[in-house]
Novice: 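Can you keep this structure in mind? I'll have questions shortly.
By convention in this document, chain letters (A, B, ...) are assigned in the order of the sequence lines, proteins followed by strands, and residues within each chain are numbered from 1.
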Amino acid sequence: MRSPVIAQPPEEVSGSKRLAYRYRRHLGERFIETLLFLMAFASVAITIAIVAMLVKESFIFFEHVSLWDFLTDTQWTPLFDDAHYGILPLVSGTVVSSAVALLVAIPLGTITAIYLSEFAPFGVREAAKPFLELLGGVPTVVYGYFALLFVTPLLQKILPELPGFSLLSAGLVMGIMIIPYVSSMAEDAMRAVPMNLREGSYAMGATRFQTAIRVVMPAAFSGIAAAYILGISRAVGETMVVAVAAGMQPNLTWNPMEPAATITAYIVQVSLGDLPHGSIGYQTIFAAGLTLLLLTLTFNIIGHFLRKRYREVY
Amino acid sequence: MREDKGLSEIRNIIARHKLWDLIFMIIGVLALMIAVLTFMALFSHMLIEGLPRLSWDFFTSFPSRRPGSAGILSAWVGTTLVMLVTAVAAVPMGIGAGIYLEEYAPKNLITEIIEINVTNLAGVPSIIYGLLALGLFVHQLGFGQSILSAGLALALLILPVVIVATREAIRAIPVVIREGAYALGATKWQTVSDHLLPYSAAGILTGVIIGLARAIGETAPIITIGALTFIAFLPPSPVQPEFPFLSFEWLMAPFTVMPIQMFNWISRPEEAFQVNAAAAGLVLVVMTLTMNALAIYLRYRMRKNIKW
């Protein structure tokens, strides 16, 4: 938007011309500012659209199915003749696969973060950080393939009774997939802790390990908690790994050795079929989506408050 | 005598604590190794399974019922076109929003809402964007299960990535640059377009590349839109021999993309199709890793070169 007029005002400027020129210039600036504001506001519009769309379709769904049935029925068979609409089996699949993933991602992510931030020599850190970032860039469907055709056969050698689809192998791979998210955010938080806190600790005779655990980690608590929350919401919303490796049969179970569907896997399963727009089956995926959004939103809000509550000011 | 005993006790304590340091070092390296080894296993498994299947024919054939003659032609063409739509939609929007939030936004409630919202959007599961696209683009706006719907869905998904990258790149430019421009009589937009945007271009580009790399691998939102998995034709060409030479019919065409093609092959029971899946996955991984590596390299160069 370079305008040569502005750089070189006309030589003989009468008062009115000058005013008109300034007015044009002002108008152009206002126009651009409004345009940029609209672009920024688009993100809010997207959120409103997401919520409106999910709520609208779920509203029609809940005219057919009572909220009580939705929350307490133990079967989820919307596509059968004997249709049941209990979200519990999908929630249990989501909870179990996420729990397995977090049992892997949180300890390993935390240890990796502490190691990289407090222990690793400069060279190791410079090499490991981009590598972890690459690990986070691998498409999730590829991780799904890896879980189904590499990890599951491997696990079956140790646990012969493990079925071909299981929450365990999906969760394990999902956990490894989430490590980079957790570790990079936790590491950033720990590195933001000012050096003089560490120096104070060393001066008192503490070792590196003691300093890391008792000084740096508590000081970076809010950031580390936010990293965990991000990991949880990743695990809950992850789709392709579970859709490929955990099977797509809704199954009310708390046993990771069984196959089961998660909320996300159910949405994929329905989308693969050809459900007509406006049918009850079509609306179920929006109701499932709304449940998922509420779950992740809860975690995001908890994360937000944790950050606020424990924010250390240096 | 007594002092010696105390001294040796202290030495013992110190040794014990140093041992803990060492133990943790080893645990840390092991934890890092688990991530590294998993990645190695993943990559080498795909390489072993998929590489023999990669040939020129694999890139120039349509999917087929016979695994031996199936290829990824419609998939990579679809991915390219969808990415084109995504980039055209997300890049200007994201950069514009980033500029607004960094340079224009007054400190008020609306700005705060936008900021919190961008953070929250980044945490929304990708499949939710697919549901939005299904309801809004496919049905309400009538775009159908087309390249346009898919491209827009992915654009919404990567919008926060572009916004955050733009903001960080612009924020890194020192205030003196802006003050210099204003002192010479530049308007706000002249300052932005002549100074801030060129200086932050590399940083923004890094964010755009990372966003697009993520979009290439995204499967869930595109499945939700209802992309077909068996496409044995190409969308109409954007360049036509007759006037007006450009056609936008391809925007409305049905399509498939690489990750969907791969997913389709994984879910077949025949082992031969799973070899195809490995080959397609290998292509996909190489594509996304190259893009990510490019972004990492760009950022590294930037950090080395720029000294304000």
Novice: With a 4.5 angstrom heavy-atom cut-off, which part of B:His17 approaches chain A: side chain, backbone, both or neither?
Specialist: both
Novice: Name the option with the most non-hydrogen atom pairs under 4.5 Å to chain A; the candidates are B:Leu184, B:Leu289, B:Leu134.
Specialist: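 Maximum pair count with chain A is reached by B:Leu134.
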Novice: Would you mind checking which part of B:Ala41 comes under 4.5 Å of any heavy atom in chain A, side chain (CB onward), backbone (N, CA, C, O), both or neither?
Specialist: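 When you check distances to chain A, atoms from both the backbone and side chain of B:Ala41 fall under 4.5 Å.
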Novice: Given a strict heavy-atom distance threshold of 4.5 Å, which part of B:Leu282 is in contact with chain A: side chain, backbone, both, or neither?
Specialist: neither
Novice: Given a strict heavy-atom distance threshold of 4.5 Å, which part of B:Ile216 is in contact with chain A: side chain, backbone, both, or neither?
Specialist: neither
Novice: Heavy-atom pairs under 4.5 Å with chain A - which of B:Ile127, B:Asn292, B:Ile110, B:Thr288 has more of them than the others?
Specialist: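 Among the listed options, the one with the most contacts to chain A is B:Ile127.
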Novice: Which atom names give the shortest non-hydrogen contact between A:Gly289 and B:Leu131, and what distance separates them?
Specialist: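 Minimum heavy-atom contact is CA-CD1, 3.6 Å.
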Novice: A quick test of your reading: do over 12 heavy atoms of other residues, nucleotides or ligands sit less than 6.0 Å from OH of A:Tyr202?
Specialist: yes
Novice: Identify which of A:Ile301, A:Val244, A:Leu297, A:Ile285 forms the greatest number of heavy-atom pairs closer than 4.5 Å to chain B.
Specialist: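 Ranked by contacts with chain B, first place is A:Ile285.
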Novice: Check for me whether the distance between the ring centres of B:Tyr104 and A:Phe37 falls short of 6.0 Å.
Specialist: no
Novice: Sort A:Ala128 into side chain, backbone, both or neither according to what part of it lies under 4.5 angstrom from a heavy atom of chain B.
Specialist: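 Only the side chain of A:Ala128 comes within 4.5 Å of chain B.
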Novice: Where on B:Tyr129 is there a heavy atom nearer than 4.5 Å to chain A: the side chain, the backbone, both, or neither?
Specialist: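 Side chain of B:Tyr129 only, per the 4.5 Å heavy-atom cut-off to chain A.
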Novice: Are there more than 12 heavy atoms of other residues, nucleotides or ligands under 6.0 Å from atom CZ of A:Phe131?
Specialist: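 Yes, CZ of A:Phe131 has more than 12 neighbouring heavy atoms, counting only those of other groups under 6.0 Å.
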Novice: If I measure from the heavy atoms of chain B, does A:Leu290 come under 4.5 Å with its side chain, its backbone, both, or neither?
Specialist: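 The answer is neither part of A:Leu290.
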Novice: Check the angle between the aromatic planes of A:Phe146 and B:His45 and answer parallel, tilted or perpendicular using the 30° and 60° thresholds.
Specialist: perpendicular
Novice: With a 4.5 angstrom heavy-atom cut-off, which part of B:Leu159 approaches chain A: side chain, backbone, both or neither?
Specialist: side chain
Novice: Please identify, among A:Ser271, A:Gly237, A:Ala206, the residue contributing the most non-hydrogen atom pairs under 4.5 Å to chain B.
Specialist: A:Ser271
Novice: Relative to chain B, which segment of A:Phe299 carries a heavy atom at a distance below 4.5 Å: side chain, backbone, both, or neither?
Specialist: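 Contact with chain B involves no heavy atom of A:Phe299 at all.
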Novice: Side chain, backbone, both or neither: which part of A:Thr207 has a heavy atom under 4.5 Å from chain B?
Specialist: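 Contact with chain B: backbone and side chain both.
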Novice: So, A:Tyr115 versus B:Phe24, ring centres under 6.0 angstrom or not?
Specialist: no
Novice: At a heavy-atom separation under 4.5 Å, does B:Leu121 approach chain A through its side chain, its backbone, both, or neither?
Specialist: side chain
Novice: Using a 4.5 angstrom heavy-atom cutoff, name the option from A:His26, A:Glu118, A:Met53 with the most pairs to chain B.
Specialist: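 Option with the top pair count is A:Met53.
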Novice: Flag the one option from B:Ala105, B:Ser267, B:Ala122, B:Gly217 with the top tally of heavy-atom pairs under 4.5 Å to chain A.
Specialist: B:Gly217
Novice: I need the B:Asp21 CG to A:Arg208 CZ distance, nearest 0.5 Å.
Specialist: 7.0 Å
Novice: Please identify, among B:Gly135, B:Ala213, B:Gly281, the residue contributing the most non-hydrogen atom pairs under 4.5 Å to chain A.
Specialist: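 Going by pairs under 4.5 Å, I would pick B:Gly135.
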Novice: Is it the side chain or the backbone of B:Val36 that comes within 4.5 Å of chain A heavy atoms, both, or neither?
Specialist: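 For B:Val36, backbone and side chain are both near chain A.
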Novice: Under the criterion side chain to side chain contact (heavy atoms under 4.5 Å, CB included), which of B:Leu32, B:Ile34, B:Leu30, B:Ile27 is the partner of A:Leu108?
Specialist: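 Exactly one candidate clears the test, B:Ile34.
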Novice: Are B:Pro125 and A:Thr239 side-chain neighbours, meaning at least one heavy-atom pair lies under 4.5 Å?
Specialist: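 A side-chain contact is absent here, since even the closest heavy-atom pair is not under 4.5 Å.
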Novice: Side chains of B:Trp189 and A:Leu36: closer than 4.5 Å at any heavy-atom pair?
Specialist: yes
Novice: Return the orientation label for the A:Phe209 and B:Trp20 ring planes: parallel under 30°, perpendicular over 60°, tilted otherwise.
Specialist: parallel
Novice: Could you tell me whether A:Phe59 atom CZ has more than 12 heavy atoms of other residues or ligands within 6.0 Å of it?
Specialist: no
Novice: Is it the backbone or the side chain of B:Gln274 that comes under 4.5 Å from a heavy atom of chain A, or both, or neither?
Specialist: both
Novice: Non-hydrogen atoms of chain A under 4.5 Å away: do they reach the side chain of B:Ile223, the backbone, both or neither?
Specialist: both
Novice: Output the option from A:Thr112, A:Ile46, A:Ile179 having the highest count of non-hydrogen pairs under 4.5 Å with chain B.
Specialist: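 Answer, by heavy-atom pair count under 4.5 Å with chain B: A:Ile46.
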Novice: Considering only heavy atoms, which portion of A:Lys56 lies under 4.5 Å from any heavy atom of chain B: side chain, backbone, both, or neither?
Specialist: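 Contact with chain B involves the side chain of A:Lys56 alone.
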Novice: Is B:Ala35 close to chain A through its backbone or its side chain, or both, or neither, when contacts mean heavy atoms under 4.5 Å?
Specialist: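 Answer is both: backbone and side chain atoms of B:Ala35 are under 4.5 Å from chain A.
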Novice: Is B:Gln140 in contact with chain A via its backbone, its side chain, both, or neither, using a 4.5 Å heavy-atom distance?
Specialist: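 The answer is the side chain of B:Gln140.
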Novice: Show me the donor-acceptor pairs within less than 3.5 Å that the side chains of residues 132-139 of chain A make with the rest of the protein, sequence neighbours left out.
Specialist:
from, atom 1, to, atom 2, distance (Å)
A:Glu133, OE1, B:Arg299, NH2, 3.1
A:Glu133, OE2, B:Arg299, NH2, 2.8

Novice: Hey, is the main chain of B:Thr187 close enough, under 3.5 Å, to the side chain of A:Glu29 for a donor-acceptor pair?
Specialist: no
Novice: Under the rule for ring-ring contact (aromatic ring centres under 6.0 Å, His included), what residues qualify as partners of A:Tyr266, not counting sequence neighbours?
Specialist: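 If we apply the ring-ring contact (aromatic ring centres under 6.0 Å, His included) test to A:Tyr266, skipping adjacent residues, the hits are A:Trp76.
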Novice: With no hydrogens and no angle check, is any side-chain donor or acceptor of B:Asn120 less than 3.5 Å from a backbone partner on A:Asn300?
Specialist: no
Novice: Taking all heavy atoms of A:Ala40 and all of B:Ala97, pick out the closest pair and write down the distance.
Specialist: CA-CB, 3.5 Å
Novice: Tell me, do B:Phe263 and A:Val268 make a side-chain contact under 4.5 Å, heavy atoms counted?
Specialist: yes
Novice: Does A:Glu126 CD have over 12 foreign heavy atoms under 6.0 Å away?
Specialist: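 Check passes, neighbour count above 12.
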Novice: To the nearest 0.5 angstrom, please state how far the CD1 atom of A:Ile50 sits from the CG atom of B:Leu132.
Specialist: 5.5 Å
Novice: Any heavy-atom pair between the side chains of A:Val142 and B:Met262 that's under 4.5 Å?
Specialist: yes
Novice: Sort B:Val29 into side chain, backbone, both or neither according to what part of it lies under 4.5 angstrom from a heavy atom of chain A.
Specialist: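 Interface part for B:Val29: both.
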Novice: Picking from A:Phe150, A:Tyr143, A:Tyr145, what satisfies side chain to side chain contact (heavy atoms under 4.5 Å, CB included) with B:Leu42?
Specialist: A:Tyr143
Novice: For A:Glu57, is it the side chain, the backbone, both, or neither that has a heavy atom closer than 4.5 Å to a heavy atom of chain B?
Specialist: neither
Novice: Chain A heavy atoms under 4.5 Å from B:Thr224: which part of the residue, side chain, backbone, both or neither?
Specialist: both
Novice: Quick one: what part of A:Ser43 sits under 4.5 Å from any heavy atom of chain B, side chain, backbone, both or neither?
Specialist: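 For A:Ser43, heavy atoms of backbone and side chain both lie under 4.5 Å from chain B.
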Novice: Which answer fits A:Met39, side chain, backbone, both or neither, if we ask what part of it has an atom under 4.5 Å from a heavy atom of chain B?
Specialist: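 Answer is both: backbone and side chain atoms of A:Met39 are under 4.5 Å from chain B.
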Novice: Between A:Leu149 and chain B, which part of the residue has a heavy atom less than 4.5 Å away: side chain, backbone, both or neither?
Specialist: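 Backbone plus side chain of A:Leu149, per the 4.5 Å heavy-atom cut-off to chain B.
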